[in-house]
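Reminder, nothing fancy here: chain letters follow the sequence lines and each chain counts from 1. Please read these numbers as outputs of a predicted model, since none were measured by experiment.
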Amino acid sequence: MSRNFMRSSSWNFLQLARYGRTANHSQFSSSNIFFHLEEDDLSGEDTSSLADSQEDFDSAILFGMLRGNVVGLRYYSGVVNNNEMVALQREPNNQYDRNAVKVNNVNGEQVGHIKKELAAALAHILDQKMAKIEGVVPYGAQNAFTMPVNLSFWGRAENKQAVLDHMMKYGFRLGPIPNSLQLGHGSAKSKSERAGPSYRAPILPAVQMTTEQLKTEFDKLFEDLKEDDKTQELEPAETIGTQLLSHQKQALSWMVSRENTEELPPFWEERNHLYYNTLTNFAEKQKPENVRGGILADDMGLGKTLSVIALILTNFYDGRPFPTKKIKKQELAESDVLKSNMSQKQFKAAKKTELSTDSRKESETLSQEASSSRPKRQKARKTKYTYSSASEEDEAWLPRKVKAPAECTLHDDDLFANALFGLPTAVRKKKNKKGVTVSQSISKAGPEGQRRTTLIICPLSVLSNWIDQFEQHIKPEVHLNIYIYYGPERTKDPKVLSDQDVVVTTYSVLSSDYGSRSESPLHKVKWLRVVLDEGHTIRNPNAQQTQAVLSLEAQRRWILTGTPIQNSLKDLWSLICFLKLKPFTDREWWHRTIQRPVTTGEDGGLCRLQALIKNITLRRTKTSKIRGRPVLDLPERKVFIQHVELSEEERQIYESLKNEGKAVISRYVSEGTILSHYADVLAVLVRLRQLCCHPFLVSSALSSITTTADSTPGDVREKLVQKIKLVLSSGSDEECAICLDSLNMPVITYCAHVFCKPCICQVIQHEKQEAKCPLCRGSLRLDQLVECPQEDLDSSINKKLEQNWMCSTKINALMHALVDQRRKDATVKSIVVSQFTSFLSVIEVALRESGFMFTRLDGSMTQKKRTEAIQSFQRPDAQSPTIMLLSLKAGGVGLNLTAASRVFLMDPAWNPAAEEQCFDRCHRLGQTKKVIVTKFVVRNSVEENMLKIQSKKRELAAGAFGKKKSSSSQLKQARIEDIRTLVDL
DNA sequence: ACCGCCGGGTGCC
DNA sequence: ACCGCCGGGTGCC
């Protein structure tokens, strides 16, 4: 590898990691300790020349302040108040001055211009993004011609001097900082049970973790705000057939009140007939519209879906429930047939078809399956599913429930409308495509017009769950129209959608529709309500998916997520945008008023964030209590850390590899180049972690990564192959930056970024010659993508396994526990989790030897096989496997493995949250037994050091999102210390 | 703008 | 006076 390539590739590798931090969509999540350490490590590199123009002024410091003037006030309509924040915007095409800088108020209305002499100095700084300049008008807001403006200059520390010098050249000296102005598998079944080899019990006692250690940062935000007005309960509409739990009634009450509220949004006050924003000091006559929605951030398993279903039916229209009034029964039955919807059974059949197909392609013809197997007649049922097919489309847009005959009278329409809304209606004539004139009722009154449709957007994996739950919880006699907008036969007609009560679709369908904008019926409907299930999937503001969601038109907006803040405060911004919270939908105001104050630890910053989140979020954890009783009567859960000691042979191999790694790392440390050799450091650590599990895991293919040679094109390719293997085996959160899902057919780009093959191919196709890497904007070519030779990693393991099987300390400890458990109670099921799927393969051998029945779930399995594995494991019969081998990242959030009550975490994860989520797959609603989690950690190894660093990070985080960090050099030193800690240097 | 600047009108004291 | 001074016209970038 040439020096040059080494530099650029490693730079990109790092860049990828850093991007993961800033945009939270890299395969390395920021929770990954390594990459967390990255942060602004690249600040010294030539980042500015790269198109990485993301506004990451996260680590911005204040350079200084300057008083300037805003001129030309009389030409613009934008007004400001004293002390109001203003935004500066370059106007390079101004015909009078290429240096022009506009001054806008919070609403984006132009107030004036920066006086030209100053603008001449500022233009370069703004254009080169050397600093971000923020303005506040201190006084003189009422002036007719000019007004003063206090400008504060923010940027990366390394740009400070250049900015000061530049300003000086133009005769401006930045002043000091006035304190007051800082606002600113295939499943394998063994034969019969037999004893198998015996395993020793671990020598060291298991240590239980305290609940405090398990507490997440997000929950800390809610801690001192338990004295809420969110304890009111509301019984759901009678159309809901399920008895709601107390906390679900609270959720319902809170959601209904948020949808119907007339209160001002957070940080707004009414002051003498004007509406003031207390953060920006912006005021306007028009009342800022309240957010009719919010974030339901309950823990997984508390019933968010049920709460939303209850909301839809309870607050169906204008504070009223879904109508229960029966419309002529005959007509109803008739309409059901005419609409040819699927029966429940058929839907389930269709669902299986759906699951058998690769979820990513979303190409199965759900509706075709449905319509081909559709019966001629069927009984009325509780929930109607409307499917689009060519023959139905023309009629489907007719008013719900009643297919209006062509000669439909005004009277009938009125009846219909009244039954629906209890409101006066007007009737207008409309022609459908066939030219048959029918009548359609349109509600005249009501602030929401005729909107009545709720759009639910969810990941494909939970789509069927929504349908199941609608069926389960709505009384049989209630006829709610649900349209599943999915599959190639989905309607193109927005009218079909807007005549439903509920439309359910997936993020990927929405996103692909959005790609052909003019065609998307989803974007033409004025929705009553849009619900985002697993709403954190829109956390990357640059993703097309997010754009597709944000461009939906809706009055009531809800986000369901158990993890609103996954990595950083930034995750919240997309959510806030979706909720249309003024003024935060504009990135600048979000930064200035919330994000920066919090991250820099500014006074009151956290309080603001708390106030904001408290206002729009309802969050209960499984341990939350209502009137002193836990919201869910979940059996207790205990987490034990089981330390194990390596055997002498293992220790020998470990120490020799460790010393080898130490030598490499200490050389980098002394050269001061460690931070630019991350791939090497990572490789060392991965190998050590693998050794802690089983020596077979250490792939010889990875060991050559540190060798440096001259690069031929073949070499470059080989390096890329090694890099992708490293990424795939590192156990870090492998996520595709495009689909934000776990990697499917991973490929690595020439610039060393890893994506799903289908995802990146789509990008290349779409952008043709111009295609650029979504992460670093490096050029992309189809023929330069390198795939991971999948067979390599696994086959080498399989060969070793076939040839000479051997045990390991961890396998010994696991098998001891499993055998012991089987002796005590053979019905207890266990989940065995590892980040290394190859380790799962090794464990398989041990399980077979001891006659355990097991199944396996990992990321390489098709959706169909996954479902089979889950179903067989969840079955209560005696033939059902008692052990599930699970790869840490496999399966979506909804994965339900409640059949298990024991979890064995074979190796510590970088991300404690990933561990937590894994435990929750069995510790959730439906779990009847006490759950015991065992984390195996090898004494005196990287694993133990990983735990040390994790807890050290937790302490450092102190405030929810980490206060002002130390200087960049201190940070770098800290990272180096972390690496040294990991290898005992 | 109750300013600054511009350019025309004007011109002893 | 190729000045000074006066007062009207005028006004972002």
- Query: Looking at A:K582 and A:E284, does any basic side-chain N land under 4.0 Å from a carboxylate oxygen?
  - Reply: yes
Considering only distance and modelled atom types, tabulate donor-acceptor pairs under 3.5 Å from the side chains of residues 163-172 of chain A, sequence neighbours left out.
{"unit_1": "A:D165", "atom_1": "OD1", "unit_2": "A:Q161", "atom_2": "NE2", "d": "3.0"}
{"unit_1": "A:H166", "atom_1": "NE2", "unit_2": "A:A121", "atom_2": "O", "d": "2.9"}

- Between C:dG4 and B:dG11 - C1' atom distance, rounded Å: 9 Å
- Task: Quickly work out the A:N143 CG to B:dA1 P distance and round it to whole Å.
- Result: 8 Å
- Message: Just the rounded figure in Å: distance from C1' of B:dA1 to CG of A:N69.
- Response: 14 Å
- Query: With A:Y514, which residues qualify under ring pair (Phe, Tyr, Trp, His ring centres under 6.0 Å), at least two apart?
  - Reply: A:H523
- Item | C:dC6 and C:dT10, which share atom name P, separated by this distance in whole Å | 22 Å
- Query: Is there a donor and acceptor pair, one atom on the side chain of A:D97 and one on the base of C:dC13, closer than 3.5 Å?
  - Reply: no
- When rounded to the nearest 0.5 Å, the distance separating CG of A:D586 from NE2 of A:H591 is 10.0 Å
- Take atom C1' in C:dC12 and the same atom in C:dG8, then report the distance between them in whole Å. 22 Å
- Task: Indicate yes or no: does A:E553 engage A:R451 in a salt bridge with an N to O separation below 4.0 Å.
- Result: yes
- Task: May I have the distance from A:K115 (atom NZ) to C:dG11 (atom P), rounded to whole angstrom?
- Result: 15 Å
- Under the 5.5 Å and 30° test, is A:F145 stacked on the base of C:dG11? no
- Hunt down the Watson-Crick or G-U wobble partner of C:dC3, both distances under 3.5 Å, from any strand shown, or write none. B:dG11
- Could you tell me whether A:R292 and A:E262 have a side-chain N and a carboxylate O separated by less than 4.0 Å? yes
- Query: Once you round it to whole Å, what is the distance between C1' of B:dC3 and CE of A:M147?
  - Reply: 17 Å
- How is A:L73 classified with respect to the nucleic acid when contacts are heavy atoms under 4.0 Å: base, sugar-phosphate, or nothing? nothing
- Message: What is the distance, to the nearest angstrom, from the NE2 atom on A:H113 to the P atom on C:dG11?
- Response: 17 Å
- Item | A:K524 and A:E519 ion-paired at < 4.0 Å | no
- Message: Between P on C:dC12 and CD on A:Q110, what's the gap in Å once rounded to a whole number?
- Response: 13 Å
For nucleotides 8-10 of chain C, which of its nitrogen or oxygen atoms have a protein nitrogen or oxygen under 3.5 Å away, and what is each distance?
none

- Rounded to the Å, how far apart are A:I114 CD1 and C:dC12 P? 16 Å
- Within this structure, what is the CG-to-P distance between A:N99 and C:dC12, rounded to whole angstrom? 18 Å
- Query: Between the base of C:dC12 and the side chain of A:Y96, is there any donor-acceptor pair under 3.5 Å?
  - Reply: no
- Determine the interatomic distance between C1' on B:dC5 and the same-named atom on B:dA1; round to the nearest Å. 12 Å
